[in-house]
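Beneath this line is the structure, given in structure tokens, with notes to follow.
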Amino acid sequence: MHKELCEICGKRPAEVEFVEIVDGKKVVMHLCKICANRKANGLPLLLTEEIEEDSALVCPNCGTSLSQIKQTLQVGCPVCYDTFRGAIKDLLKKLQGSASFSAQIDLKTSEEKDLIVMKYRLKKELDEAVKNEDFERAAKLRDEIENIDKRLKWLGTNPIE
Amino acid sequence: MAWYEPYRITPPWWQSQGKIVASTRARFTRNIEGHRFPQRMDEKERESILNEIILSIKDVVSGFKNTVIDTNIKRDFFVERHVLSKDSQKNIALFTDHTEEESYLINDRDHLRFQITMPDNALFDVFSLARERLRTLEKEFNFSYSDTFGYLTSSLTNTGTGFRLSALMFIPGIFLARETEKILALLVKAPIVLRGLFGGHSEIKGNYLQISTKFTLSMGIEDDLRMLDEVVKALSETEEKSRNILLSEAHLELEDRISRSLAILESARIMSYDESLEHLSILKFASQLGFEGIPDEKTINRLIFWSSPSHIASLEDFELKDEEIDIKRADFIRKHLFRDYED
């Protein structure tokens with residue numbers, strides 16, 4: 001039987017039925033796994049030559065090749081991130097619009113952050129209460145927000161947004 | 001006892017989904033420092049990571065249901081329960097609490113992935129609880145981290161915060177009022193990913209749309225929360241509007257659609273999963289709109305859940321062929337459509 005080829009690269013066999021909504025219409029494409037995965041993540045077509053070139057570059061810790069990373073968008077171990085730092089930054093830039101972790105994102109959990117989230121939530125509830133003319137509840141929520149502001153001030157965070 | 005016996009219930013969060021925001025979920029992915037990721041580990045390393053994690057989370061998961069997902073049958077079954085994605089690996093240890101709102105996966109693509117799911121729009125609650133759990137875990141583990149990339153994960157789409165927040169939206173109004181194109185055009189501009197009912201690359205079916213946060217490198221988790229909250233709110237408002245338009249301008253067409261779906265569900269002898277989703281979701285919509293002669297919404301939610309292929313098979317035999325499952329499904333729906341049943 002004639003084996004169908006991928007509609008994007010035209011080289012590898014089509015294995016995936018890729019469904020997309022274009023201008024409100026359903027479009028079905030038959031793609032190879034590599035092109036389907038990259039298309040789903042908004043990445044450009046991967047050339048067969050590039051795949052061959054990258055398969056020689058291998059992570060010393062886990063044996064994953066750069067070619068495998070580019071095809072699957074998966075790495076094998078933490079050392080891959082160092083081994084292929086430049087290539088991974090390129091991929092991340094395309095995938096996530098940013099090549100490295102933003103310095104201002106502090107992942108440490110803290111009381112301060114919890115309070116800020118809590119305040120945001122209470123403000124939404126307050127809007128809701130005012131909309132429903134539930135003034136008793138609104139007054140209570142205002143008090144709670146004020147308490148959070150006091151606590152934030154004490155912790156040294158400016159309570160304004 | 002068969003492995004699926006503890007899972008004979010419909011998860012409560014699925015049964016009591018919200019009207020438009022069916023459910024919400026927060027998920028963290030983490031790896032243990034100094035180890036390769038599961039796909040690159042040998043059996044010995046997998047075993048040792050598994051033991052290390054189980055030992056450290058034993059207080060968190062005490063009394064949880066647990067199973068090892070070592071076959072495709074089990075994998076499909078748990079994809080249908082929304083705790084795994086379709087591209088999951090084999091030999092994953094899964095722990096879930098009895099409500100299946102909280103679950104822990106060990107040795108899937110990453111060493112540890114845990115998620116909190118709740119019905120209705122509970123973005124703040126799933127976010128807060130997931131953070132609380134993360135705080136507990138942070139005391140037990142040194143997670144793989146780099147200053148350049150943040151938390152290191154096997155998939156480059158999770159690198160950074162390793163965090164995803166998502167909402168499962170039930171938006172038949174938008175689909176039926178043909179507002180889809182407009183909505184999709186707006187949604188693609190937001191930093192979100194659109195998916196079908198079962199995540200991954202699953203197709204959009206049954207009028208469900210899953211929206212989840214997209215950027216794990218440039219957005220903090222608090223930003224994710226605020227952004228998704230806004231998107232969910234905007235989408236809900238559009239859905240409300242579309243429903244009102246349908247009710248006032250296309251009432252007869254809507255009634256026709258509902259009656260047809262009901263007739264098919266009541267009479268069909270062979271029914272595919274896609275077809276059952278199509279018609280059951282129309283009935284769910286009718287039930288929400290208060291149409292008469294329609295089963296109550298929770299019953300329909302349960303039917304949607306049990307109509308999935310592995311769940312239908314689990315009621316009888318996992319060896320059933322697809323054609324046999326389609327027959328069994330039609331029978332099951334006919335039998336339970338108006339006669340509420342206990343799990």
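Order of the sequence lines sets the chain letters (A, B, ...), proteins ahead of strands, with each chain counted from 1.
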Query raised in the report: For B/Phe127, is it the side chain, the backbone, both or neither that has a heavy atom under 4.5 Å from a heavy atom of chain A?
Result: side chain

Report summary line: residues 78-91 of chain A vs chain B, non-hydrogen distance cutoff under 4.5 Å, contacting residues -> A/Pro78, A/Tyr81, A/Arg85, A/Ile88, A/Lys89, A/Leu91

Requested in this report: Select, from B/Arg40, B/Lys182, B/Lys214, the one with the greatest count of heavy-atom pairs under 4.5 Å involving chain A.
Outcome: B/Arg40

Query raised in the report: Can you say whether the rings of B/Phe198 and B/Tyr273 are parallel (under 30°), tilted (30 to 60°) or perpendicular (over 60°)?
Result: tilted

Report task. Would you confirm whether B/Asp108, through its side chain, and B/Ser88, through its main-chain N or O, come within 3.5 Å as a donor-acceptor pair? Result -> no

Report summary line: The interface call for A/Glu17 against chain B, heavy-atom contacts under 4.5 Å, is neither

Report summary line: Scored by heavy-atom pairs under 4.5 Å with chain B, the best of A/Thr72, A/Ile69, A/Leu95 is A/Leu95

Report task. Kindly say whether A/Val75 contributes a backbone atom to a donor-acceptor pair with the side chain of B/Ser154 at under 3.5 angstrom? Result -> no

Report task. Measure the acute angle between the ring planes of B/Phe143 and B/Tyr151, then classify it against the limits of 30° and 60° as parallel, tilted or perpendicular. Result -> perpendicular

Query raised in the report: What residues, two or more places apart in sequence or in another chain, satisfy side-chain contact (heavy atoms from CB on, under 4.5 Å) together with B/Thr136?
Result: B/Val60

Report summary line: Shortest non-hydrogen pair, B/Phe37 vs B/Arg109, comes out as CB-O, 4.1 Å

Query - Shortest non-hydrogen contact between A/Asp149 and A/Lys119, atoms and distance - result: OD1-NZ, 3.1 Å

Query raised in the report: By side-chain contact (heavy atoms from CB on, under 4.5 Å), which residues pair with A/Arg121, not counting sequence neighbours?
Result: A/Glu125, B/Phe124, B/Asp125

**Report entry** Atom of B/Thr153, atom of B/Asn31 and distance for their closest heavy-atom approach
**Finding:** CA-ND2, 3.5 Å

Report task. Inspect the contact between B/Asp229 and A/Lys124 and indicate whether a charged nitrogen and a carboxylate oxygen are less than 4.0 angstrom apart. Result -> yes

Query raised in the report: Side chain, backbone, both or neither: which part of B/Arg178 has a non-hydrogen atom closer than 4.5 Å to chain A?
Result: neither

Query - Distance-minimising heavy-atom pair for A/Ile34 and A/Gln71 - result: CD1-OE1, 3.0 Å

Report task. Please list, in residue-number order, every residue in residues 57-64 of chain A that has a heavy atom less than 4.5 Å from any heavy atom of chain B; write 'none' if there are none. Result -> A/Asn61, A/Cys62, A/Gly63, A/Thr64

Query raised in the report: So which heavy atom on B/Asn107 is nearest to which on B/Pro38, and how close?
Result: CA-CG, 3.8 Å

